[in-house]
Structures are given as C-alpha cells and as structure tokens.
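Worth knowing before you read on, the calculation uses all heavy atoms, side chains too, and leaves out hydrogens, waters and symmetry mates. Counting from 1, the numbers follow the sequence of the chain as shown. Keep in mind that this is a model prediction, so the values were computed, not measured.
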Amino acid sequence: MKDRRKVRAGLAAAAALCAVAAAPGTSLADGAAGARAYETRGTRISGSDGDAGAPSLTAGRTYVDSVGPGEKRYYGVTLDTKSAAYVSAVAAPRPGAEVTSYRDGVKVTLESPDGGICGTASPKIETTGVAYPLADYAARQIDSGPASCHQAGRYVATVEREDGSPDPERWPVELRLMVEPPVKGGATGAAPEGSSSSPSPEPLDGTPLPRRGGRGFNDAPTLGTGVWRDEITPGETHFYRVPVDWGQRLSAVAELSADGKDQSTRLLDRALALHAYNPARGLAKRGTPAAQEGESPRTQVATAPVAYGNRYANTGSTVRAMSFSGGYFLAVTLNPPQVAPHLNSSVPVVLRVRVAGDARGGPTYDKDPVKAGFGLTAADRRAAKRHPVAADGDRMGSSGSGAADSKDALRVVGYAGIGTGTALVLGLGVWTLTARRRASARQRYGPPPAW
C-alpha cells in the first residue's frame with residue numbers, strides 16, 4: 001500500500017508538471033510521429049496500364065499493389081453467371097500525408113466483358129489534413145444491374161487515384177476478390193421497412209476492458225458486445241472485427257475522455273473518426289458526432305439489420321452494404337494535432353459496441369459461405385455474445401493486469417501538449433508502476449497472455 005501511495009504521489013506531481021508544460025506557446029510535435037501505418041498483407045501484384053495483359057485476381061486471395069496520383073491500374077476477374085462478386089480496394093496513404101478533403105481519394109470499378117459498368121465506388125478523404133485508409137468495393141449482383149453484367153467471362157477491375165493530389169507519394173493498395181455462392185432458398189428478403197432509421201440502441205456502460213486494435217482488416221481482433229479500451233496515437237487508425245448475424249444490427253460509439261480543464265468538446269469534437277465496413281470491406285456507415293454540450297467527444301455508427309435483400313436497396317443507400325452475415329469491421333481514426341490541436345500523444349479511446357437483435361435464419365447457399373469469406377463460424381458466434389464488462393477495480397482484461405494498470409496511469413497525461421522532459425518524468429513513473437505490477441502478477445499467475 002505504501003509503495004502504491006508513493007507511486008500515485010509521483011504521478012500526481014508529474015501531472016502537475018504536465019499542466020505547466022502545456023501552457024500556451026508550447027510547440028506541438030508532429031501529429032503523425034510514431035503513428036502505425038496501415039499494414040498491407042497479401043501477394044504482390046502489378047496492375048497493368050490497360051485491359052490487355054491485366055493480371056488476374058483469384059477469389060479469396062488478397063493482393064498488394066500501389067497507385068500514384070492520376071494513375072489507373074487494371075486487373076482481370078473471371079466470373080460465372082450465378083455468383084455475386086465484390087472487388088474491394090483499400091488505399092492507405094501514410095499517416096501525416098498531406099491530403100485534401102473530398103478531393104483526395106480512389107475509385108474502384110468493375111466492368112463487364114463488353115465494357116459495361118457493373119459497380120463502382122469512390123471513397124474519399126473526409127477531413128483535410130487527415131490521411132487514413134480508404135476502403136470500399138465494386139460489386140456485381142445477379143438479380144440487378146445491366147444484363148451485360150450477368151454473363152460469364154473475364155471482367156476488368158480498375159483502381160484509379162484522383163489527379164492533382166498534394167501527396168506525391170504512391171499509396172499502397174490492398175485488393176481482394178470475394179465471390180458469394182449462389183442462393184438456392186431460405187430468407188432472401190430485405191430488412192423490415194423503417195428499421196434502418198429506428199433509434200440506435202443506447203451505448204453500454206461499464207468499465208472498459210483493454211483490447212489492442214489491428215493495423216488493418218487482416219489482423220483486426222474480434223470483439224463482441226461490450227465496452228473496450230484501446231490506446232491510439234494521433235494520425236493512426238485501428239481496426240476491430242465484430243460478428244453480426246442475419247437479422248442483427250451493429251452500433252458502436254468511439255469516445256475520448258475529457259478529463260482535463262483544457263479538453264473541451266469544442267476543441268476535441270473533430271478528434272475522432274469512425275467507419276463501419278461489411279465482411280467484403282464495403283463501406284457500411286460513416287460515423288457522426290454524438291456528443292452533447294459538455295459531454296466527452298464521441299462519434300457513433302448504427303447500421304440497418306442484416307438481410308440478404310438489402311443489396312437491392314436504392315443506389316447510394318447505406319442499407320445496401322448490410323446484405324450478408326459475417327465479420328463486420330470498425331475503423332477508429334484519431335486525428336492529428338493540425339485537426340485536433342490538443343492531441344499530440346497516445347490517448348485512451350473507449351469503444352462501446354453493441355450487436356442488437358436476435359439472430360434469424362438467412363438464405364441457403366449451394367456452397368459453404370464461410371469458405372468464401374461470408375457467414376459466421378462457431379467461434380464467431382461465441383465471440384458475439386456479450387463480453388462481461390469489468391466491475392470497478394476488476395482488471396480481468398485479455399491483456400493482463402499490468403497492461404490495464406499502465407494504461408489507466410496514462411490518463412494523467414491528458415490530451416494537452418507536453419514538453420519532452422515532462423513526458424520522460426511521467427513515463428518513468430508509469431514504467432515503475434507497470435514493472436512492479438507485472439512482477440507481482442508473474443509471481444502469482446505467470447506471464448500475462450498475449451492479445
């Protein structure tokens with residue numbers, strides 16, 4: 001107890017020094033310094049400059065290429081007459097890259113063998129100065145769209161980057177083709193009318209459990225309903241996977257904690273961005289600000305219930321993306337200091353996730369949808385069940401007591417700019433506390449499990 005009191009006293013003194021160092025005139029660090037970039041994974045491929053000689057994409061595999069400003073890359077896709085297909089592209093400018101809102105972006109298109117447009121999407125940067133991964137897909141549906149897109153043959157997928165971007169660097173691009181098996185029966189209708197506009201479920205309360213987000217779609221950890229805590233560096237995007245079954249809807253709130261006097265909603269209301277994606281990496285919903293005056297800054301998303309027939313909703317409707325069960329994704333971006341001036345160090349972010357509604361029967365496929373990347377496994381369904389939210393003082397998180405205590409200690413940093421010397425003082429206090437807790441934990445329980 002005495003040791004804990006001494007450490008807490010030291011941290012309180014360090015926090016006081018932080019308040020002095022955060023006075024007006026203190027210089028801000030580079031907003032993207034230390035931010036983890038999106039981690040592309042897959043087979044290297046080089047798209048061609050035209051239809052002729054375009055390399056082929058194989059269903060179920062992920063590929064990695066790059067695209068420069070004003071460049072267009074071509075890829076071949078062979079499809080049958082019965083299966084829906086989705087060609088996704090994830091473009092990943094480096095954290096801190098100079099980007100312009102609604103001008104910088106990419107366009108992914110899928111063309112039929114005779115040149116007809118089957119599907120297209122154009123994800124763009126939404127906030128000037130915030131470079132984050134852009135993802136969406138171009139789709140071919142069987143029961144809708146041009147007749148030329150229902151034939152078998154070699155289709156062409158293209159990824160084009162907007163011209164005139166202030167960022168001259170090539171952007172890494174992650175490509176994936178997913179082919180949904182044909183349906184032979186079962187529930188193929190749309191979600192109930194008006195369900196997409198019904199009130200969002202109330203966010204969960206409780207002490208959050210630690211969970212480190214992934215650096216991309218490929219390493220996103222699976223979350224169920226619950227309250228989770230992560231630590232994110234400004235300019236960084238973390239990914240999480242959430243199993244959602246037929247008839248269920250996904251809602252999530254990402255929030256910062258306005259602990260200090262300088263952390264007003266006015267200053268931090270643009271600090272967070274939140275996007276939801278479906279299992280084929282199609283954009284399902286953009287986050288919207290959810291904080292009221294005086295509340296902690298936060299943004300939220302709420303989707304329509306999952307139903308096969310949603311894919312035939314009006315073009316441009318966010319309901320269209322909620323058309324298959326499987327692992328949905330949440331991407332949380334912590335904006336850099338040029339957008340949110342009080343953020344220049346890693347800060348705790350709380351993610352409140354809820355999967356609402358009872359699972360219902362869906363369509364019957366003529367092949368295993370899970371092998372194609374759709375649907376849920378038994379492990380997914382177990383993970384989708386509500387995770388017990390820790391009670392106050394309970395540190396039974398997946399990363400062990402040491403990690404939980406160290407992250408709680410980091411809250412004294414706040415979100416204000418701090419001097420390098422003060423950061424070192426505080427870091428030493430946190431390191432000391434963490435080392436003692438971890439040593440004690442190892443003696444009692446052995447090493448903590450990895451995330």
Side-chain angles (χ1 to χ4, degrees), residues 31-32 34-42 45 47 62-69 71 73 86-108 121-138 159-162 165-167 169-178 212-221 223 230 232-242 252 254 270-287 299 301 321 327-336 339 349 351:
R36 302 184 306 170
Y38 182 93
E39 184 177 278
T40 56
R41 296 185 181 181
I45 195 172
T62 305
Y63 300 86
V64 176
D65 200 354
S66 65
V67 60
E71 189 174 35
R73 311 289 279 175
Y86 308 85
V87 180
S88 65
V90 185
R94 64 172 177 80
E98 185 179 359
V99 290
T100 304
S101 63
Y102 294 101
R103 180 176 179 181
D104 264 326
V106 293
K107 181 179 181 180
V108 56
S122 301
K124 295 181 183 295
I125 295 293
E126 296 161 12
T127 303
T128 294
V130 182
Y132 60 92
L134 301 170
D136 213 339
Y137 60 56
V159 177
E160 182 178 7
R161 186 172 158 193
E162 300 291 334
S165 171
D167 181 16
E169 297 182 14
R170 299 183 66 81
W171 290 357
V173 176
E174 195 171 75
L175 300 156
R176 186 171 177 82
L177 167 64
M178 293 179 65
R212 182 68 163 170
R215 294 177 61 179
F217 287 96
N218 301 292
D219 66 344
L223 305 180
D230 200 353
I232 306 182
T233 299
E236 198 166 86
T237 300
H238 286 196
F239 288 77
Y240 315 85
R241 180 178 178 273
V242 183
R270 301 177 66 198
L272 280 174
L274 177 63
H275 294 82
Y277 298 92
N278 67 21
R281 304 183 177 185
L283 180 62
K285 205 67 176 291
R286 293 181 176 87
T299 182
V301 295
Y328 282 71
F329 296 90
L330 295 171
V332 179
T333 300
L334 185 63
N335 296 340
V339 175
V349 173
L351 190 62

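With a 4.5 Å cut-off on side-chain heavy atoms, Y38 and F217 count as touching. Looking at heavy atoms from C-beta onward, D167 lies in side-chain contact with R161 at the 4.5 angstrom threshold. Annotation: side chain of L272 is in contact with side chain of V332 (closest heavy-atom distance under 4.5 Å). Side-chain contact between V106 and P123 is present, with heavy atoms from C-beta onward closer than 4.5 Å. No side-chain heavy atom of T128 sits less than 4.5 Å from a side-chain heavy atom of V99.
Annotation: the span from F239 atom CZ to F329 atom CZ amounts to 9.0 Å, rounded to 0.5 Å. Separation of atoms OH (Y132) and OG1 (T127) is listed at 6.5 Å; rounding is to 0.5 Å. Atom CG of residue L283 and atom CG of residue L134 lie 10.0 Å apart, to the nearest 0.5 angstrom. The NZ atom of K285 sits 14.0 Å away from the OH atom of Y277 when rounded to the nearest 0.5 Å. Taken to the nearest 0.5 Å, the NE2 atom of H275 stands 8.5 Å off from the OG1 atom of T299. L274 contributes atom CG, which lies 7.0 Å from atom CG of L351 (distance to the nearest 0.5 angstrom).
Salt-bridge check for E236 with R215: failed, with every basic side-chain N at 4.0 Å or more from each acidic carboxylate O. Electrostatic pairing of E71 and R170 counts as a salt bridge here, judged by a charged N lying under 4.0 Å from a carboxylate O. Using a 4.0 Å cut-off between charged side-chain N and carboxylate O, E162 and R103 make no salt bridge.
The aromatic rings of H238 and Y240 sit tilted, their planes meeting at an angle between 30° and 60°.
The two residues K107 and S122 have their closest heavy-atom pair at CG-OG, 3.4 Å. Residues Y137 and A321 share a closest heavy-atom pair of OH-CA, 4.2 Å. Contact detail for N335 and P234: the closest heavy-atom pair is O-CB, 3.8 Å. Scanning all heavy atoms of the two residues, the minimum distance from V159 to V67 falls at O-CG2, 4.4 Å. In plain terms, the two heavy atoms of P93 and A97 that are nearest each other are CB-CB, 4.4 Å. Minimum interatomic distance between A331 and T237 (heavy atoms only, all atoms of both residues): CB-CG2, 4.0 Å.
Residues passing the salt bridge (charged side-chain N to carboxylate O under 4.0 Å, His left out) test with D65, sequence neighbours excluded: R73. In this structure R281 satisfies the salt bridge (charged side-chain N to carboxylate O under 4.0 Å, His left out) test together with E174, sequence neighbours excluded.
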Worked check of side-chain hydrogen bond (donor to acceptor under 3.5 Å, both in side chains) between S88 and R176 | CA-CA 5 Å; S88 65; R176 186 171 177 82; over 6 Å; no
Please lay out, stage by stage, how V173 and V90 fare under the test side-chain contact (heavy atoms from CB on, under 4.5 Å).
-> CA-CA 5 Å; V173 176; V90 185; over 6 Å; no
Pair D104-K124, salt bridge (Lys or Arg N to Asp or Glu O under 4.0 Å): steps then yes or no = CA-CA 6 Å; D104 264 326; K124 295 181 183 295; over 6 Å; no
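Each of S66, P133, P172 was evaluated against T40; a single residue qualifies, P172, per the side-chain contact (heavy atoms from CB on, under 4.5 Å) test.
Side-chain atoms of Y86 and N278 form no donor-acceptor pair, as typed in the model, at a separation below 3.5 Å.
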